[in-house]
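For reference, the structure discussed in these notes is given below.
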Amino acid sequence: MAFPARLLLAFCGASLALANPLQHSASTFAGATSTAVFPPPDATNTAVDTFFPGPAEVGHAGPTPTGDEAFVLETAPAAPVKGDVYPLVNPVEAQTTVKQPSFDIMRSWGNLSPWFSVGDTFGLPDASAAVPSGCELTQVHLLHRHGARYPTSGSGPSTFAAKLHAAATSEGFTASGPLDFLNTWTYKLGAELLTPFGRQQLFELGIAFRVKYGHLLKDFTDLPVFRTTSEARMVDSALHFAAGFFGVQQYQDSYHQLITIEDDGFNNTLAPWNVCPNANNAVGAIGFDAAANWTEIYLKKTVPRLQKHLKGITLDVNDVQAMQDLCAYETVALGFSTFCDLFTEDEWKGYEYAFDLELWYGFGPGNPATAAQGIGYVQQLVSRLTQTPLTKFDTTLNSTLDGNNVTSPLTQPIYVDATHDTVISTTNGPLPVDHIPKHQVGILNPAPMFDPPDLLYLQTYTGQHLVPFASNLIGQVMSCPASSKSQDKKSFIRFLLNDGVVPLTGIAHCSADKNGLCELDNFVKGMAERIAEVDFAFDCFANYTAPWPDPIIDGRMHK
């Protein structure tokens, strides 16, 4: 069914997008890159800094008594919910704070979607992000993705812009109807860095984390150590999270930020592909191949539909998919995009599924090098849960950092790791590459950051539930009654993915539980078995060809 929603004229300046029987030639700047520079290049004179002393120098702060820490997940009758994307303009017709549209374009952007609370998506309708009654939270492990960013360098959006600009400055082109805006459109996106909205996401995530888990700060005996990688957007994400969590004036003195090198040849559990050759060759590329195959199918009719409104440029599926990318990227960077109104509901569903295929076969359980990349983080998690130092470094672990009790402490009540978007989900068996399955019951594999691929079972698959910008996976360790009739307490663990409780029945020794709980000893035992079965050296370094059709569902290349 075609998606009927259209943008409000007040939001889109939509006169350019309305059907127009007259055709207009493109301006010569169409498709050109428009950039801004701030701070101004000449604004580097530090001599005037003496005129602007900081708060410590000025003093006179007024009363500053500190209140007690928030404890919302154990004291409130319900857990808080994330649903808004303010100040972005959601590209749907009904811009209302009361009614959620039946189909939301922003929730069909795969890993380009902003994160939101997913509710009971993962199949535990009676579970809540709030701590179960009678349980006491003792430790949390947060693994979060960076916030919304610009496109990666040289990807589809910038390539499409260059194609338009080349035509505009040579033979020229003419766009009409819904594409009329292309006649004066310029490319305003940077590359790789966080957008303003992305910075907001991580700041808000830090604030929310303090409200939910701030009481655990009382159990620290030293300053916390949080981790991120060296990429600019990763460092920015970590710092904005810390500013939200600790406070803008306090965060620099409230914790230690460990920045691990993300580059070729450096062991790093938060960016493990850099030491896994099979993650970067034809083995790792099968996800892109699967997505490309599906793109040819779902956009087959879209290309000619849009082509009739554009003369002087021949569109292909890559161009049209880049327009869908531009809808997502321009929205999270500029607040709004005219490209969003070009596509039907089915085309957006097809777009989402292309991400699903890319992630499943390229980075998830369908790729034979995935489990090997994820096992390092699992080793760290088990080390933290058991307070056992790491002594073996034959995976993605970094012996210098991960074997040091200063940079890798084992007694923190709160752990925070910032990483990338390869938290992957899958269906019950390999995803078909030529259609979207109607019924999907799957397993979660947050690899390469969290392993094993058969860790968590899901009821439905959509990438925007699992890998959105600022996605957050939280392990809650808690003390709970051993049984409903017992006063004795045991330690349990469970995981929340974007506020949704995920059942752990895919882990050896973890049984079904309505609240998603698994006894901590059983969880550790299951993780130890998984660590033992993953052959890092073979999966990452052996010379093999990934099978196609690909039946792999555990992220391993079985010998």
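It should be emphasised that the depicted structure is a prediction, and the values quoted were computed from it without experimental measurement.
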How close do [X] and [Y] get, counting heavy atoms only, and between which atoms?
{"X": "His465", "Y": "Asn498", "value": "O-ND2, 2.7 Å"}
{"X": "Met234", "Y": "Thr228", "value": "O-OG1, 3.0 Å"}
{"X": "Arg530", "Y": "Ile375", "value": "O-CD1, 4.1 Å"}
{"X": "Pro368", "Y": "Val283", "value": "CG-CG1, 3.6 Å"}
{"X": "Gly83", "Y": "Arg107", "value": "O-NH2, 3.8 Å"}
{"X": "Ala369", "Y": "Cys276", "value": "CB-SG, 4.2 Å"}

Measuring only between side-chain heavy atoms, which start at C-beta, is [X] closer than 4.5 Å to [Y]?
{"X": "Asn405", "Y": "Leu410", "result": "no"}
{"X": "Thr331", "Y": "Phe197", "result": "no"}
{"X": "Leu239", "Y": "Tyr251", "result": "yes"}
{"X": "Ile493", "Y": "Leu385", "result": "yes"}
{"X": "Asn398", "Y": "Phe393", "result": "no"}
{"X": "Asn268", "Y": "Asn274", "result": "no"}
{"X": "Leu217", "Y": "Ile414", "result": "yes"}
{"X": "Val118", "Y": "Leu497", "result": "no"}

Qualifying residues under ring-ring contact (aromatic ring centres under 6.0 Å, His included), relative to [X], sequence neighbours excluded:
{"X": "Phe209", "result": "Tyr213, Phe241, Phe245"}
{"X": "Phe71", "result": "His215"}
{"X": "Phe492", "result": "none"}

Residue list, side chain to side chain donor-acceptor pair (under 3.5 Å) with Tyr255, at least two apart or on another chain: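 Tyr255 satisfies side chain to side chain donor-acceptor pair (under 3.5 Å) with Gln257 once adjacent residues are dropped.
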Residues that Thr411 engages under side chain to side chain donor-acceptor pair (under 3.5 Å), provided they are two or more places apart: none
Whether [X] side chain and [Y] backbone form a donor-acceptor pair below 3.5 Å:
{"X": "Thr195", "Y": "Ala333", "value": "no"}
{"X": "Asn522", "Y": "Cys510", "value": "no"}
{"X": "Gln200", "Y": "Tyr86", "value": "yes"}
{"X": "Gln201", "Y": "Ala148", "value": "yes"}
{"X": "Arg494", "Y": "Asn515", "value": "yes"}
{"X": "Asp513", "Y": "Gly516", "value": "yes"}
{"X": "Arg145", "Y": "Val467", "value": "yes"}
{"X": "Gln476", "Y": "Val131", "value": "no"}
{"X": "Ser383", "Y": "Thr388", "value": "yes"}
{"X": "Thr419", "Y": "Leu270", "value": "yes"}

side-chain contact (heavy atoms from CB on, under 4.5 Å) assessment of Tyr415 paired with Leu142: CA-CA 6 Å; Tyr415 289 93; Leu142 169 62; over 6 Å; no
Distance, nearest 0.5 Å, that separates CG of Leu202 from NE2 of His144: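 Between Leu202 CG and His144 NE2, I get 5.5 Å after rounding to 0.5 Å.
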From Ile207 atom CD1 to Arg210 atom CZ, the distance as rounded to the nearest 0.5 Å: 11.0 Å
Non-neighbouring partners of Glu529 that pass salt bridge (charged side-chain N to carboxylate O under 4.0 Å, His left out), sequence neighbours left out: none
Aromatic ring proximity Phe495/Phe523, centre distance under 6.0 Å: yes
Residue pair Gln252, Phe246: steps toward the side-chain contact (heavy atoms from CB on, under 4.5 Å) verdict: CA-CA 9 Å; Gln252 295 186 64; Phe246 294 111; over 6 Å; no
Residue pairs involving residues 227-241 (criterion salt bridge (Lys or Arg N to Asp or Glu O under 4.0 Å); sequence neighbours excluded):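 Sorted pair list: Glu192-Arg233, Arg227-Asp402, Arg227-Asp417, Glu231-Arg233.
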Residue pairs involving residues 57-68 (criterion salt bridge (Lys or Arg N to Asp or Glu O under 4.0 Å); sequence neighbours excluded): Asp68-Lys218
The criterion is side-chain contact (heavy atoms from CB on, under 4.5 Å); which residues satisfy it with [X], sequence neighbours excluded?
{"X": "Ser117", "value": "Val81, Lys82, Trp115, Asp499"}
{"X": "Thr407", "value": "Leu258, Leu401, Asn404"}
{"X": "Ser155", "value": "Pro151, Thr152, Pro157"}
{"X": "Phe541", "value": "Pro277, Phe536"}

Enclosure of Phe266 CZ (heavy-atom neighbours >12, cutoff 6.0 Å):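 No.
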Trace of the side-chain contact (heavy atoms from CB on, under 4.5 Å) decision for Ser491 with Thr138: CA-CA 9 Å; Ser491 290; Thr138 59; 5.7 Å; no
Derivation and outcome, side-chain contact (heavy atoms from CB on, under 4.5 Å), residues Gln379 and Thr395: CA-CA 9 Å; Gln379 291 172 301; Thr395 61; 2.7 Å; yes
Pair Arg556 + Asp554: basic N to acidic O under 4.0 Å: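 Salt bridge absent between Arg556 and Asp554.
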Pair Ser113, Gln464: side-chain N/O donor-acceptor within cut-off below 3.5 Å: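 Absent: no donor and acceptor within the cut-off.
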